[in-house]
Asker: 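Before we start, here is the structure in question, set down as structure tokens.
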Amino acid sequence: MLTRKLLLSTLLAIGLAAPSFAASCGNNSSGFEAWKQEFAKEAARAGVSKRGLSALSQTSYSKGTISADRNQKSFKYSFEKFCQVRGCNTIVAQGKKKKAKNAGFYASLEKTYGVPAGVLIAIHGMETGFGRFMGDSNVLNATATLTYDCRRPDFFRPHLIGALAMIDRGMMSPNAIGAKHGELGHTQFLPGNAYQYGRDGNGDGKVDLNNMADALASTANYLRSKGWKPGQSYQPGSHNYNVLKQWNAATVYQQSLAVMGAQIDS
């Protein structure tokens, strides 16, 4: 595991290399094929090998991803409107039942990582409706498109490197399906985070974020790795509330997790 972490650190460091070495971005599909050839050299320098590079060469520009990236309206809502649109009350009601039904599992996660059930259940409900909808887009196409796009290439570059590294190692298929921004599994990890923070939650010896136990263990590990302090508050003004920002930077999202988590755990 340590070796994998060190490798990812190297990949991410190289993936965020100086702009003079970065492939040129674009604002439409016209330069995407040329960009892939440039980025392949960058990926190879980051340690991506034949399988990953082959998958990169076959990616397609995703207009659906660009459309979704330009139209994220819900994060501009007030907290009340956001919760109405995203169904916070339903998530809490269903979340209480899920916690009661599988109390031992959530207790084991809190014992291992220090993150209470309410937070993990709130994230699970908010991200995919408890696994009911985990996306309809090709993860690699989405991640490559956003790395090429001029809006946020530096943010997505390590996630594309992570996706290609996972393909190299058989951890992800080039045909993997996720959300419009390339998020994977029950709690919608971006590929670089999936590679770095993924954990085996069901004991089968592999990490599969389409498996609920693996996804929730990985989510708890992510929060703990970002500085979560066991046993402390996660309400506004607290250290742990700030850690929730590492999961999603939108203030209304943080607020919703704090409110729903507390209600589920009450």
Side-chain angles (χ1 to χ4, degrees), residues 8 12 68-69 72 74-77 79 82-83 85-88 91-92 95 98-99 106 109-110 112-131 133-135 139 142-143 146 152 154-156 158-159 162-163 178-199 201 207 209-265:
L8 182 71
L12 297 189
D69 190 56
Q72 299 185 72
S74 66
F75 293 131
K76 300 176 183 178
Y77 292 149
F79 170 69
F82 179 80
C83 263
V85 170
R86 300 294 287 265
C88 291
I91 290 171
V92 169
K98 290 182 180 298
K99 180 183 176 182
Y106 291 108
L109 289 181
E110 183 165 10
T112 302
Y113 300 104
V115 183
V119 173
L120 299 175
I121 292 170
I123 290 173
H124 191 194
M126 182 67 77
E127 293 289 352
T128 63
F130 303 111
F133 183 71
M134 294 190 282
V139 169
T143 311
L146 291 167
R152 291 182 291 169
D154 287 345
F155 177 82
F156 283 100
H159 296 299
K180 285 290 192 293
H181 286 75
E183 304 98 324
L184 289 157
H186 278 263
T187 56
Q188 301 287 271
F189 269 89
L190 285 167
N193 293 336
Y195 188 80
Q196 184 172 12
Y197 299 104
R199 291 294 180 269
V207 177
L209 296 179
N210 288 323
N211 174 274
M212 188 193 78
D214 287 7
L216 293 180
S218 300
T219 304
N221 180 56
Y222 177 90
L223 292 173
R224 184 62 184 271
S225 298
K226 294 297 182 181
W228 188 275
K229 294 183 178 180
Q232 295 192 13
S233 170
Y234 53 86
Q235 296 307 303
S238 68
H239 170 81
N240 285 341
Y241 184 78
N242 290 331
V243 173
L244 292 177
K245 187 175 183 178
Q246 298 292 322
W247 184 265
N248 189 302
T251 300
V252 288
Y253 197 104
Q254 293 169 259
Q255 289 178 299
S256 69
L257 294 184
V259 170
M260 290 189 295
Q263 291 175 342
I264 291 167
D265 278 335

Asker: For Pro236, give me all partners under side-chain contact (heavy atoms from CB on, under 4.5 Å), at least two apart in sequence or on another chain.
Answerer: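 Result, side-chain contact (heavy atoms from CB on, under 4.5 Å) vs Pro236: Tyr241, Ala258.
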
Asker: Identify the heavy atoms of Thr128 and Met134 that sit nearest to each other, and give their distance.
Answerer: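 What the structure gives for the nearest pair is CG2-CG, 3.9 Å.
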
Asker: With side chains defined as the heavy atoms from C-beta onward, is the minimum distance between Glu110 and Pro230 less than 4.5 Å?
Answerer: no

Asker: Of all the heavy-atom pairs spanning Ser256 and Phe82, show the shortest one and how long it is.
Answerer: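 Residues Ser256 and Phe82, closest heavy atoms: OG-CE2, 3.7 Å.
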
Asker: With Ala220, which residues qualify under side-chain contact (heavy atoms from CB on, under 4.5 Å), at least two apart?
Answerer: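 Checked Ala220 against side-chain contact (heavy atoms from CB on, under 4.5 Å); matches are Tyr113, Val115, Leu120.
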
Asker: If I compare all heavy atoms of Val139 with all of Pro191, which pair ends up nearest, and what's the gap?
Answerer: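 Reported closest heavy-atom pair: CG1-CG, 3.9 Å.
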
Asker: Which heavy atom in Gln235 sits nearest to a heavy atom in Ser233, and how many Å separate them?
Answerer: N-OG, 3.0 Å

Asker: Taking ring pair (Phe, Tyr, Trp, His ring centres under 6.0 Å) as the definition, give me every residue that meets it alongside His124, ordered by chain and number, with sequence neighbours left out.
Answerer: Phe130, His186

Asker: Under the side-chain contact (heavy atoms from CB on, under 4.5 Å) test, which residues partner Lys226, sequence neighbours left out?
Answerer: Tyr197, Tyr222, Val243, Gln246

Asker: Using every non-hydrogen atom in the two residues, find where Tyr234 and Leu244 come nearest and quote the distance to one decimal.
Answerer: O-CD1, 4.2 Å

Asker: Please identify each residue that fulfils salt bridge (Lys or Arg N to Asp or Glu O under 4.0 Å) with Lys98, with sequence neighbours left out.
Answerer: none

Asker: By side-chain contact (heavy atoms from CB on, under 4.5 Å), which residues pair with Thr112, not counting sequence neighbours?
Answerer: none

Asker: Ignoring hydrogens, what is the shortest heavy-atom contact between Leu209 and Ala194? Give both atom names and the distance.
Answerer: CD1-CB, 3.4 Å

Asker: Do the side chains of Leu190 and Phe155 get nearer than 4.5 Å, heavy atoms only?
Answerer: yes

